[in-house]
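The next block holds one structure in the form of structure tokens; read it before the comments.
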Amino acid sequence: GVCGIELTEKQRKDLKNFRKRRNKLEHFGAVDTLPAITASVSTMLSLLIDFVEDVFTSESLAEEQDSLTAIRTQMGNCQAFVTQRWKEIKDLLPVGPSRVGCQSCQQPALVFECGEVKCKFCNFGCDPKRAATEYVENVLGYSYYDHIKDGGGWPLSHCPNCSSNTLVEGV
């Protein structure tokens, strides 16, 4: 309320639930079951990812980019979180070939819309040229260094719509 941030009723309920669990653990040593804790923490992580994206500007997070990258990279390692996050984003994703694996979190939730590249899973975003190059290197496993050194095919070419070097061949 002090910061003027609006939360949905579900977000408020989830935060209260998480706070109750944390307080029971901290003050009474009460431990919930692993599935209960995992579900609660996964819900909070998902809420926090969207919260950071919605509330902070990229300029205000500039010093934290290394930390955010490390968090995004590790997100896919917690199956409970992955399951929870997919439940929350499945309706936000287009059907068909307009999404691919994200170079940051490796989840197939990277969406190309109106000249923007955004992962609906981890909220990674960048300009289309960088996204195409990182996809070729991080997801497809090509090395630009090896391409220059040894020759061979580089699977990026010019997009017929915008003429930018962002068309990834074979995807």
Side-chain angles (χ1 to χ4, degrees), residues 1-135 138-139 162 164 166:
V2 172
C3 296
I5 296 169
E6 297 290 325
L7 296 174
T8 67
E9 194 56 42
K10 181 180 181 332
Q11 289 170 328
R12 288 181 193 278
K13 183 182 130 211
D14 290 341
L15 282 167
K16 286 180 183 176
N17 180 30
F18 191 69
R19 184 178 66 201
K20 283 181 190 176
R21 289 178 190 278
R22 180 251 174 225
N23 287 344
K24 284 184 357 185
L25 176 64
E26 179 70 23
H27 300 294
F28 305 110
V31 178
D32 274 327
T33 65
L34 182 59
I37 292 170
T38 303
S40 185
V41 169
S42 297
T43 300
M44 285 301 94
L45 181 57
S46 189
L47 185 147
L48 286 172
I49 288 166
D50 290 336
F51 177 81
V52 167
E53 178 68 21
D54 294 342
V55 175
F56 296 98
T57 64
S58 54
E59 292 82 26
S60 68
L61 294 172
E63 293 181 17
E64 305 304 324
Q65 285 307 313
D66 289 343
S67 296
L68 289 172
T69 299
I71 291 167
R72 286 181 179 125
T73 301
Q74 294 300 316
M75 276 193 233
N77 294 335
C78 176
Q79 189 56 47
F81 171 73
V82 171
T83 301
Q84 175 66 31
R85 186 69 175 158
W86 275 107
K87 282 182 195 174
E88 294 176 11
I89 68 168
K90 68 181 176 194
D91 294 333
L92 303 174
L93 293 168
V95 178
S98 58
R99 67 180 182 155
V100 296
C102 172
Q103 59 262 40
S104 187
C105 70
Q106 305 298 310
Q107 295 295 316
L110 193 68
V111 177
F112 307 94
E113 298 171 325
C114 303
E116 293 186 14
V117 178
K118 186 79 165 180
C119 178
K120 300 292 187 179
F121 188 87
C122 72
N123 286 324
F124 167 81
C126 67
D127 67 89
K129 286 183 182 180
R130 178 177 158 213
T133 301
E134 287 188 9
Y135 182 84
N138 298 340
V139 177
C162 68
S164 185
T166 55

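Keep in mind that what you see is a predicted model, and the values were worked out from it rather than measured.
Pairing each heavy atom of Cys119 with each of Leu110, the nearest pair is N-CD1, 3.7 Å. Between Val117 and Pro128, the shortest heavy-atom contact is CG2-CA, 3.8 Å. Scanning all heavy atoms of the two residues, the minimum distance from Cys122 to Ile49 falls at O-CG2, 3.9 Å. Across all their heavy atoms, Glu6 and Gln11 have their closest contact at O-OE1, 4.4 Å.
Among residue pairs with one or both ends in residues 53-83, those qualifying as ring pair (Phe, Tyr, Trp, His ring centres under 6.0 Å) are Phe81-Phe121; sequence neighbours excluded. Applying the salt bridge (charged side-chain N to carboxylate O under 4.0 Å, His left out) test to residues at least two apart or on different chains, the pairs with a partner in residues 51-62 are Glu53-Lys118.
Residues satisfying the salt bridge (Lys or Arg N to Asp or Glu O under 4.0 Å) test with Arg19, not counting sequence neighbours, are none. With sequence neighbours excluded, the residues satisfying salt bridge (Lys or Arg N to Asp or Glu O under 4.0 Å) with Lys10 are Asp14. Scanning for salt bridge (Lys or Arg N to Asp or Glu O under 4.0 Å) contacts around Asp50 gives Arg85, with sequence neighbours left out. Residues passing the salt bridge (Lys or Arg N to Asp or Glu O under 4.0 Å) test with Glu64: none are found, sequence neighbours excluded.
For Thr133 (side chain) and Arg130 (main-chain N/O), no donor-acceptor pair under 3.5 Å exists by modelled atom type.
Looking at Ser46 and Glu88, their side chains do bring a donor and an acceptor atom within 3.5 Å of each other.
Rounding to the nearest 0.5 angstrom, the gap separating the CE atom in Met44 from the CG atom in Leu47 is 5.0 Å.
Shown here is Glu9, whose CD atom has no more than 12 heavy atoms of other residues, nucleotides or ligands within 6.0 Å.
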